[in-house]
Amino acid sequence: MIEDNQIQAKVSPFAMRKGEIKVFDGKDGYVSMNQIIQKINIGHISEVHFGVLKFINQFEFLTSRQLFQLLKLENYDIKDQDKLNNKLEQLIKNKILTRYYFTSEEGNGIYRVYCMEKMGKYLLTSREIESNWQPSDNAKPVEMIKKKLAGNQLVIAYMRKSHYFTKYTLKPIITAKQASKKFKATVLMEYTYDNKKYNFIFEAIRREENWENKLVERMKLWKDFYDNFVPGDSEFMALPQLVFLSEDNMHSAEIFKILLMNKVNIEKITHYFTTDLAQNEENLSKSLYDFALEGGKYKLRNVEAKILG
């Protein structure tokens with residue numbers, strides 16, 4: 001597998017493309033549970049297969065590269081990406097997982113996205129592993145899946161590279177008190193630095209259709225949460241740091257401009273940004289950016305955050 005710092009891509013694989021749609025790449029037909037149990041009994045479906053299933057149940061959508069990184073982190077016996085791809089193909093054929101790819105005016109995407117099937121949920125339940133998967137989850141649109149993939153890659157990067165990272169929570173629930181609404185962020189990360197715990201909330205933003213107006217409405221909820229925060233709100237004893245996960249630096253500038261023009265910027269915190277490709281760096285301490293006012297203009301500035309390193 002190519003290491004992160006060897007990737008030469010200039011455009012994030014999780015960025016939105018014009019006219020992009022999701023295409024089914026799984027298997028049709030029927031497979032009985034008895035057939036699957038027989039394959040488990042003779043060893044054709046192993047603990048590595050169950051490891052794949054566990055991670056997809058947790059992260060919802062994953063690429064084969066992300067799965068390989070997660071399996072290696074937990075010391076599963078998987079030699080290389082090709083071996084994993086063979087196991088994924090087995091899970092697809094047995095209707096335990098399914099698969100999609102993205103296509104647009106620019107052509108087909110370079111990766112496949114793996115997600116659960118009904119048989120996968122049954123197998124997890126048999127091992128007393130809770131699964132909230134339902135068939136409608138696989139009907140999510142491209143932008144929602146890409147937000148998930150970008151957020152998942154961020155988590156994997158910190159799990160692999162950050163010395164101070166301690167835990168993560170996918171889709172943490174945040175309460176906007178004045179609006180009486182609960183909403184979910186992309187991911188909450190906890191870091192421990194100098195014996196103190198710090199919380200960073202990452203919010204993945206994509207250039208989906210009408211994304212600017214959607215961002216304004218979303219920021220009204222975030223502003224409600226921060227402006228009215230008291231210790232204990234949404235289970236935080238201190239203000240968490242919000243970080244926008246954008247497609248690229250230009251996208252970060254577009255987001256920041258929207259915040260200022262629509263007066264939905266949050267005065268209690270500094271607005272930090274990171275990008276999909278910034279997670280490919282070996283040291284993540286310089287993966288954050290902010291906008292500093294210089295000569296009457298805001299300019300993107302790299303910020304060193306040792307806590308992320």
Side-chain angles (χ1 to χ4, degrees), residues 3-5 7 12 14 55 58-59 66 69-70 72-75 147-175 183-205 219 222-223 225-246 248-249 252 255-256 259 265-293 298-309:
E3 294 299 322
D4 287 356
N5 59 3
I7 295 175
S12 166
F14 311 130
F55 286 125
Q58 182 181 2
F59 287 90
Q66 290 173 340
Q69 291 174 326
L70 287 166
K72 296 300 286 184
L73 277 169
E74 291 206 5
N75 299 313
K147 286 177 185 178
K148 283 293 299 178
L149 292 172
N152 293 345
Q153 190 58 53
L154 184 104
V155 172
I156 295 168
Y158 281 107
M159 290 172 69
R160 296 176 66 223
K161 304 172 188 178
S162 176
H163 177 71
Y164 304 107
F165 168 80
T166 51
K167 68 178 183 180
Y168 64 89
T169 303
L170 299 172
K171 299 193 289 188
I173 298 174
I174 309 299
T175 300
F183 62 102
K184 295 179 181 178
T186 301
V187 62
L188 166 65
M189 305 274 225
E190 181 184 283
Y191 308 86
T192 302
Y193 187 79
D194 285 344
N195 296 317
K196 293 183 179 180
K197 293 183 179 180
Y198 299 87
N199 290 305
F200 281 54
I201 298 181
F202 292 85
E203 177 85 337
I205 309 293
M219 285 308 301
W222 278 116
K223 189 171 174 59
F225 167 72
Y226 277 100
D227 288 351
N228 299 290
F229 178 83
V230 295
D233 284 355
S234 300
E235 300 185 7
F236 295 106
M237 297 312 296
L239 277 176
Q241 176 60 57
L242 180 62
V243 181
F244 297 97
L245 174 58
S246 61
D248 49 53
N249 285 339
S252 296
I255 293 170
F256 186 65
L259 301 189
N265 52 308
I266 302 166
E267 296 180 358
K268 287 187 176 181
I269 60 171
T270 300
H271 295 95
Y272 286 114
F273 299 81
T274 190
T275 64
D276 297 345
L277 295 182
Q279 314 316 312
N280 291 338
E281 299 297 328
E282 278 305 302
N283 190 334
L284 299 176
S285 63
K286 293 186 178 180
S287 62
L288 287 189
Y289 297 84
D290 69 1
F291 286 88
L293 194 58
Y298 283 101
K299 294 185 178 180
L300 187 68
R301 176 179 66 177
N302 193 212
V303 178
E304 183 172 8
K306 292 182 179 180
I307 190 174
L308 304 183

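Just the heavy atoms: all of them, side chains too, but no hydrogens, waters or symmetry mates, feed the values below.
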Would you find a donor on one side and an acceptor on the other, under 3.5 Å apart, between the side chain of Q66 and the backbone of L149? yes
Closest approach of K197 to T192 (non-hydrogen atoms, all atoms of both residues): CG-OG1, 3.9 Å
Grab the two heavy atoms, one from T270 and one from Q241, that are nearest each other, plus how far apart they are. O-NE2, 2.8 Å
With sequence neighbours excluded, tell me which residues meet side chain to side chain contact (heavy atoms under 4.5 Å, CB included) with E267. none
Where do V155 and Q153 land on the side-chain contact (heavy atoms from CB on, under 4.5 Å) test, with the steps shown first? CA-CA 5 Å; V155 172; Q153 190 58 53; over 6 Å; no
In Å, rounded to the nearest 0.5 Å, how long is the span from CG of L242 to CD of E203? 6.5 Å
Measuring from D290:CG to T274:OG1, what's the distance to the nearest 0.5 Å? 12.0 Å
How about S246 and S252: does a side-chain donor come under 3.5 Å of a side-chain acceptor? yes
Measure the CZ-CG distance between F14 and L277 for me, rounded to the nearest 0.5 Å. 9.5 Å
Taking it one step at a time, do M189 and T166 satisfy side-chain contact (heavy atoms from CB on, under 4.5 Å)? CA-CA 8 Å; M189 305 274 225; T166 51; over 6 Å; no
Closest approach of F200 to I307 (non-hydrogen atoms, all atoms of both residues): CZ-CG2, 4.1 Å
Could you list the residues that satisfy salt bridge (charged side-chain N to carboxylate O under 4.0 Å, His left out) with K171, not counting sequence neighbours? E60
NZ of K268: more than 12 outside heavy atoms within 6.0 angstrom? yes
I174 side, atom CD1; F183 side, atom CZ - distance, nearest 0.5 Å: 5.5 Å
Quick check against the 3.5 Å criterion: does N302 have a side-chain atom that pairs as donor or acceptor with the backbone of K286? yes
Counting the benzene-type ring for Trp, do F244 and Y272 have ring centres under 6.0 Å apart? no
Are the aromatic rings of F273 and F291 close, with centres under 6.0 Å apart? yes
Which heavy atom in M237 sits nearest to a heavy atom in P231, and how many Å separate them? O-CB, 3.6 Å
If you take all heavy atoms of L308 and S287, which pair is closest and at what distance? CD1-OG, 4.3 Å
When you measure from the side chain of N228 to the backbone N and O of F225, does any donor-acceptor pair fall under 3.5 Å? no
Side-chain heavy atoms of I255 within contact of H271, under 4.5 Å: no
Would you sort out whether I201 and V243 count as a side-chain contact (heavy atoms from CB on, under 4.5 Å), showing the intermediate values? CA-CA 6 Å; I201 298 181; V243 181; over 6 Å; no
If you round to the nearest 0.5 Å, how far is CG of L239 from OH of Y198? 14.0 Å
Is there a donor-acceptor pair under 3.5 Å between the side chain of S234 and the backbone N or O of F236? no
Tell me whether N283 contacts the main-chain N or O of S285 through its side chain, where contact means a donor paired with an acceptor under 3.5 Å. yes
I'd like to know if the side chain of H163 and the backbone of G309 have a donor-acceptor N/O pair within less than 3.5 Å. no
Kindly assign one of parallel, tilted or perpendicular to the pair Y158 and Y191, based on the angle between their ring planes and the thresholds 30° and 60°. perpendicular
Please lay out, stage by stage, how E304 and L288 fare under the test side-chain contact (heavy atoms from CB on, under 4.5 Å). CA-CA 7 Å; E304 183 172 8; L288 287 189; over 6 Å; no
Output for pair (E235 CD, T175 OG1), nearest 0.5 Å, gives 9.0 Å
Is the shortest side-chain heavy-atom distance between K147 and T186 below 4.5 Å? no
Any donor-acceptor N/O pair, N152 side chain to F59 backbone, under 3.5 Å: yes
Side-chain donor or acceptor of T275 paired with backbone N/O of A278 under 3.5 Å: yes
Are side-chain heavy atoms of Y289 and V303 found at a separation under 4.5 Å? no
Is the backbone of L284 close enough, under 3.5 Å, to the side chain of K161 for a donor and an acceptor to pair up by distance? no
Where is the tightest heavy-atom contact between A185 and W222, given as atom of each residue plus distance? CB-CZ2, 3.8 Å
